[in-house]
Every structure is written in C-alpha cells, then in structure tokens.
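Computed from a predicted model, the values in this text were never measured in an experiment. Both ligands and their constituent atoms are indexed starting at 1 by order of listing.
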Amino acid sequence: MEFSSSEKKKVLLLGQVNHAYEELKSLEDIAEIVKVTATNRDDFIKEAKSGAFNGVFAAYRTFVSFDITGKIDNEILEALPKSFKFLCHVGAGYDQIDVHACTTHSIRVSNVPTAVDNATADVNMFLILGALRGFNIGMTGLRKGEWHGRAAGAPLAHDPEGKTLGILGMGGIGRALKKRTDAFDMKVIYHNRNQLPPHLEAGARYVSFDELLAQSDVISLNLPLNAHTKHIISTKEFEKMKDGVVIVNTARGPIIDEDALVKALDSGKVRSAGLDVFENEPKVHPGLLANDAVMLIPHMGTHTYEVKPILVQAKNNLTDEKTDRNCYGDLGYG
Ligand SMILES: NC(=O)C1=CN([C@@H]2O[C@H](COP(=O)(O)OP(=O)(O)OC[C@H]3O[C@@H](n4cnc5c(N)ncnc54)[C@H](O)[C@@H]3O)[C@@H](O)[C@H]2O)C=CC1
Ligand SMILES: O=CC(=O)O
C-alpha cells in the first residue's frame, strides 16, 4: 500500500485503550486513529457501510470489542473498506476472529502469544492447587463465619505430589505449566495433534487423547477454541476419566460443555474444578456458582503489570475506575 509522506495512515480502534496511553500517543504521531461510535454489531456494520472507516488500513482490537462487533467474520469484513489489510488482536486466543475469512479477504491477522505464558500458567497452577486441596470450600466458609467451611469441616483433599497431570494442548502456556508442576513432583502426560520434540516435551509423556482422559488425576485444558475443540470435553469424555478427577481450564470456556461439567461435578465423577474461563462470559453457570468445591476466577489469566509492562510506566495515571472490565482491563498486553 502506498502513502504519500504527508498522509497519515488510518488505524481503526476497536475497543478502548485504558492502559497503553503512551503507545497510543506514539501511534497518533504517525497515524490517524479512527474511533467507532456504534455500540452494537448492526450499527457497526451500518457505520462501516456509511464510509466512516474509509481509508482505514489496519485495526487494533481488544478482547472486549467483541461486545460491539461480535465475531470478526465475513459479514464484518464485507462491510469494511477494501483499504483494510491488517487486523491486530491483543490476546493470545484469536477465536473471536474468523481467520479463514480474513485470508479470503487478503487481510493479515496478528495475535499476542508468548507474553502471556507465565502469568496464565501461574493462574493454572493456582487453580490446580486450589481445586486439588479444596481451598475454596474453606475460603468461602471462612467469610461466612464457618471454620473449615462446613459444620462437619471441609473434606480431606489431595496433594499434587505423585499425581498425574494431563495437559491437553501443550503449547506455550501448557509448557510453562509443565515447568511449574515439576516443582510439585507431578507426573505430566500431554496430548497435542502431533508429538513435540524432546526438548519441548521436557520429560512430559506423549499420549493419545483417550489415554490422557483415562490416566490423568488432573486434566488441564490449554488448547485454542475452534470448531474442532468446542465441547471437546463433554459427557462422553467425562465417562472415560478416573472417578474423582480434577478439571482445570484457563483456555476458553466453550472447550468444555459446561452443562456436562456441572452434571459430572454433581455426580462426584469430577471431584472439583478450577476455571478462569466460562462458556458464556461474563455469565457463570449457576451450577458452578453453587458448588463450593469449584475455584472460579473471572478470566484474570493475564491481569498483571508484567504482562502489560506499560502499566508500570502508566501506573501513576491508572485508577481502578479506568479499568472497564475484569478481563483485560482494556487491551490485554498494551
Ligand atoms: N485465561 C487467560 O487469560 C488466557 C487464555 N488463553 C487461552 O489459552 C489458549 C492456549 O494459549 P497458548 O498456549 O498461548 O497457545 P499455543 O498455540 O501456544 O498452544 C496451544 C496448543 O494446543 C495444541 N492444540 C491445538 N488443537 C489441538 C487439539 N485439537 N488437540 C490437542 N491439542 C491441540 C497446539 O498444537 C498447541 O500446542 C489460547 O488459545 C487462549 O484461548 C491464552 C492466554 C491467556
Ligand atoms: O484470554 C486471553 C488471551 O490472551 O487469549
């Protein structure tokens, strides 16, 4: 794409920047930031078709901009101008974008993996420990004035040591989790579509999907959400698991069939769960809310200064009031 030197490129801002003020200012030096006035998908499409975004060559989108546009799919791309060529998503998981449709429209998509690995793996480890040890029962009870959570006391829990952790989807976060579980002497098995080279396996044993379901004491979901992985864990898969298994999910809610999970928890097939993500965020299944054995976190896997380094610089400007939503505050790593 050719621009004259005096011409500022137009960048569409999908979502609000709440943290990366300095970066936004730098971008404004070289680009004209085009803001969206629509607050829902229909109006966004109308706004795009009215020519309001004409000349835009790139868009920077936050996770919560989904509330305005919905999935970035063919319908949205058809409405955007032909000048639009780059879609920059602030997040590792890009399930809110139909990448195939983008490819068809010759639009390149970028995401932000790697930067999130440690923070998300920490949450993952916290959920494993909390769910295995039954901490939520005690913690919830304590705030209600009940020592050990129940009149009869919290049930005895389990140590991680010697337990088999099955990592489904051992990519960046899964491998960072493996490293953490080594400190707790857990045995790690994993399933990916293809076996990793030994230096990336780092001692984890590659197994089939069904072996992972059957052999794990704890199952951690660390794979992306797409048409193949939606509800990859449902009733049939719970039946193949050990009685009393623990399920942890920091990936995406719809990877687990939440209704089936609640039933498996209620029947005792699943002993407890640790969840950072939910099928219909920000809604949480009432069966999960009602179950004290389940550790629940409102999608805070990456909610740290270290993941969003700019926050440290912008700290003095930052107030809680500026943080609009729990998920990323604003733009993830910006
Ligand atoms: N809770 C949170 O705040 C965060 C959640 N996430 C979620 O975690 C997911 C994983 O993130 P990364 O580790 O960075 O991704 P990654 O791409 O590095 O790893 C994903 C792994 O899953 C494997 N995989 C893909 N399809 C599979 C299948 N059908 N069966 C088995 N394995 C499969 C891939 O081969 C890869 O090894 C993201 O897609 C995102 O949805 C990511 C960051 C933060
Ligand atoms: O959910 C967070 C992400 O980066 O993906």
Side-chain angles (χ1 to χ4, degrees), residues 15 19 61-66 71-72 88-97 99 109-128 166-180 188-197 199-202 204 206-213 216 219-234 237 247-256 273-279 281-282 284 295-304 306-308 325-334:
H19 298 142
R61 79 176 293 280
T62 69
F63 188 84
V64 294
S65 69
F66 184 83
K71 190 160 185 163
I72 303 290
C88 310
H89 167 66
V90 182
Y94 47 87
D95 43 283
Q96 297 175 338
I97 300 167
V99 176
V109 180
S110 64
N111 70 332
V112 189
T114 317
V116 297
D117 290 355
N118 288 334
T120 313
D122 289 345
V123 169
N124 224 141
M125 195 65 228
F126 172 78
L127 290 172
I128 290 174
I167 299 180
L168 186 57
M170 205 166 79
I173 296 167
R175 291 197 296 273
L177 173 63
K178 156 77 178 65
K179 210 164 148 189
R180 282 154 179 73
V188 178
I189 57 177
Y190 77 98
H191 178 71
N192 276 10
R193 289 158 303 174
N194 299 299
Q195 185 167 1
L196 293 168
H199 73 283
L200 293 181
E201 284 184 325
Y206 185 70
V207 293
S208 70
F209 179 60
D210 277 355
E211 283 168 337
L212 182 133
L213 298 180
S216 303
I219 295 181
S220 175
L221 303 175
N222 297 103
L223 69 179
L225 172 64
N226 56 43
H228 305 289
T229 63
K230 181 166 184 211
H231 286 189
I232 198 168
I233 301 297
S234 187
E237 289 69 35
I247 307 287
V248 174
N249 189 7
T250 62
R252 284 291 182 268
I255 289 173
I256 306 186
L275 308 171
D276 185 45
V277 287
F278 303 90
E279 197 158 353
E281 292 178 16
V284 181
M295 299 277 293
L296 302 170
I297 298 178
H299 204 150
M300 293 177 77
T302 58
H303 206 58
T304 70
E306 287 73 15
V307 172
K308 307 171 195 179
R325 288 269 305 259
N326 58 49
C327 174
Y328 276 133
D330 67 340
L331 69 171
Y333 323 111

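With Leu177 as the partner, the side chain to side chain contact (heavy atoms under 4.5 Å, CB included) test is satisfied by one option alone out of Val188, Val123, Val248, Ile167: Ile167. For the side chain to side chain contact (heavy atoms under 4.5 Å, CB included) criterion with Val277, the lone passing option out of Ile255, Ile297, Asn249, Thr250 is Asn249.
The closest approach between Leu225 and ligand 1 stays at or above 4.0 Å for every heavy atom of the residue. Residue contacts with ligand 1: His228 is excluded, as none of its non-hydrogen atoms falls under 4.0 Å.
Closest heavy-atom approach to atom 21 (C) of ligand 1 among the candidates Gly171, Gly91, Ala121: Gly171. Of the candidates Met170, Arg193, Gln96, the one placing a heavy atom closest to atom 27 (C) of ligand 1 is Arg193.
The minimum heavy-atom distance between Thr229 and Leu225, with the atom names listed, is OG1-CA, 3.2 Å.
Side-chain atoms of Asn111 come within 3.5 Å of backbone N or O of Ala92 as a donor-acceptor pair. Under the 3.5 Å distance criterion, the side-chain polar atoms of Tyr206 are matched with a main-chain donor or acceptor of Asn192. Formation of a donor-acceptor pair under 3.5 Å by the Ser216 side chain with backbone atoms of Ile219 is not found in this model. Side-chain atoms of His303 never come within 3.5 Å of backbone atoms of Val307 as a donor-acceptor pair (strictly under, hydrogens ignored).
The shortest N/O to N/O separation between Ala92 and ligand 2 falls below 3.5 Å. Between Ile173 and ligand 1, an N or O atom pair is found at a separation short of 3.5 Å. Of the polar atoms of Gly172, at least one N or O is found under 3.5 Å from an N or O of ligand 1, judged by distance alone. Considering backbone and side-chain atoms alike, Asn226 places every N or O at 3.5 Å or more from each N or O of ligand 1. Close N/O approach between Asp95 and ligand 1 is not found [any backbone or side-chain N/O within under 3.5 Å]. Between His299 and ligand 2, at least one N/O pair is under 3.5 Å apart. Taking only nitrogen or oxygen atoms, main chain and side chain alike, Gly93 reaches within less than 3.5 Å of ligand 2.
Of all atoms in ligand 1, listed by their number and element, those nearer than 4.0 Å to a heavy atom of Thr302 are 3 (O), 44 (C). Near Gly301, with a cut-off below 4.0 Å to any heavy atom, the atoms of ligand 1 are 2 (C), 3 (O). Close approach to Asp276 involves these atoms of ligand 1, each under 4.0 Å from a residue heavy atom: 1 (N), 2 (C), 3 (O). In summary, the atoms of ligand 1 found under 4.0 Å from a heavy atom of Ala92, numbered by their order in the structure, are 42 (C), 43 (C). Each of the atoms 1 (N), 2 (C), 4 (C), 5 (C), 6 (N), 7 (C) of ligand 1 lies under 4.0 Å from some heavy atom of Thr250. Within ligand 2, the atoms closer than 4.0 Å to a non-hydrogen atom of Arg252 are 1 (O), 2 (C), 3 (C), 5 (O), numbered from 1 in the order shown. Taking a cut-off of under 4.0 Å to the non-hydrogen atoms of Thr229, the atoms of ligand 1 that pass are 29 (N). Within ligand 1, counting atoms from 1 as listed, the ones closer than 4.0 Å to a heavy atom of Asn222 are 10 (C), 20 (C), 21 (C), 22 (O). Close contacts of ligand 1 with Gly169, meaning ligand atoms under 4.0 Å from a residue heavy atom, involve 21 (C), 22 (O), 23 (C), 32 (N). Atoms of ligand 2 found under 4.0 Å from any heavy atom of Gly91 (numbered from 1 in listed order, with element): 4 (O).
Between Ile72 and Arg61 there is a side-chain heavy-atom pair separated by less than 4.5 Å.
Heavy atoms from other residues, nucleotides or ligands lying under 6.0 Å from NZ of Lys71 number more than 12.
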Take Arg180 and Asn118, measure what side-chain hydrogen bond (donor to acceptor under 3.5 Å, both in side chains) needs, and give me the verdict at the end.
CA-CA 9 Å; Arg180 282 154 179 73; Asn118 288 334; 3.2 Å; yes
Do Glu281 and His299 pass the side-chain hydrogen bond (donor to acceptor under 3.5 Å, both in side chains) test, and can you show the C-alpha distance, the side-chain angles, and the key distance before you say yes or no?
CA-CA 9 Å; Glu281 292 178 16; His299 204 150; 2.8 Å; yes
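Going from atom CZ of Arg252 over to atom CG of Asp276 covers 9.5 Å, rounded to the nearest 0.5 Å.
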